[in-house]
Amino acid sequence: MGAYREQLLKERYGNASRGFPAQESEEPSGFLMLFKLKFTICLFLFAGFAYLSITGGSFLNLTAEQIVKAVTEEDLSSQLSQLGLYE
């Protein structure tokens, strides 16, 4: 091993063993945590929609067909206002 590499390893890891450097514990970035949270929420919403679609049930007087109709129409805000979900 070259002298320069040994010096760099010693400066970075101190007197730790030379085989594998000690792993530093890093906290996930805020962006990654926010992405995970948004992804989890979207996953639950999709699972709920799929459940409503398969069973034909409703949630707060909303059926899967009403949700699809509201999302596919161009004036989404007026549809949500009619359903009482958007003011």
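These numbers come from the heavy atoms of this one structure, side chains and all, not from hydrogens, waters or symmetry mates. Residue numbers count from 1 along this sequence.
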J.: Please find the pair of heavy atoms, one from L62 and one from L52, that lie closest to each other, and give the distance.
T.: O-CD1, 4.2 Å
J.: Hey, what do you get for CG (L45) to OG1 (T40), rounding to the nearest 0.5 Å?
T.: 11.0 Å
J.: Same hydrophobic cluster for L60 and V68, using side-chain heavy-atom links shorter than 4.5 Å among ILVMFWY?
T.: yes
J.: Search all heavy atoms of Q66 against all heavy atoms of T63 and return the closest pair with its distance.
T.: OE1-N, 3.0 Å
J.: At what distance, to the nearest 0.5 angstrom, does CZ of F39 lie from CZ of F44?
T.: 11.0 Å
J.: Output, in order, the C-alpha distance, side-chain angles, deciding distance and verdict of side chain to side chain contact (heavy atoms under 4.5 Å, CB included) for L37 and M33.
T.: CA-CA 6 Å; L37 178 66; M33 290 176 57; over 6 Å; no
J.: Taking S53 for the side chain and F49 for the main chain, is one N or O donor matched with an acceptor at less than 3.5 Å?
T.: no
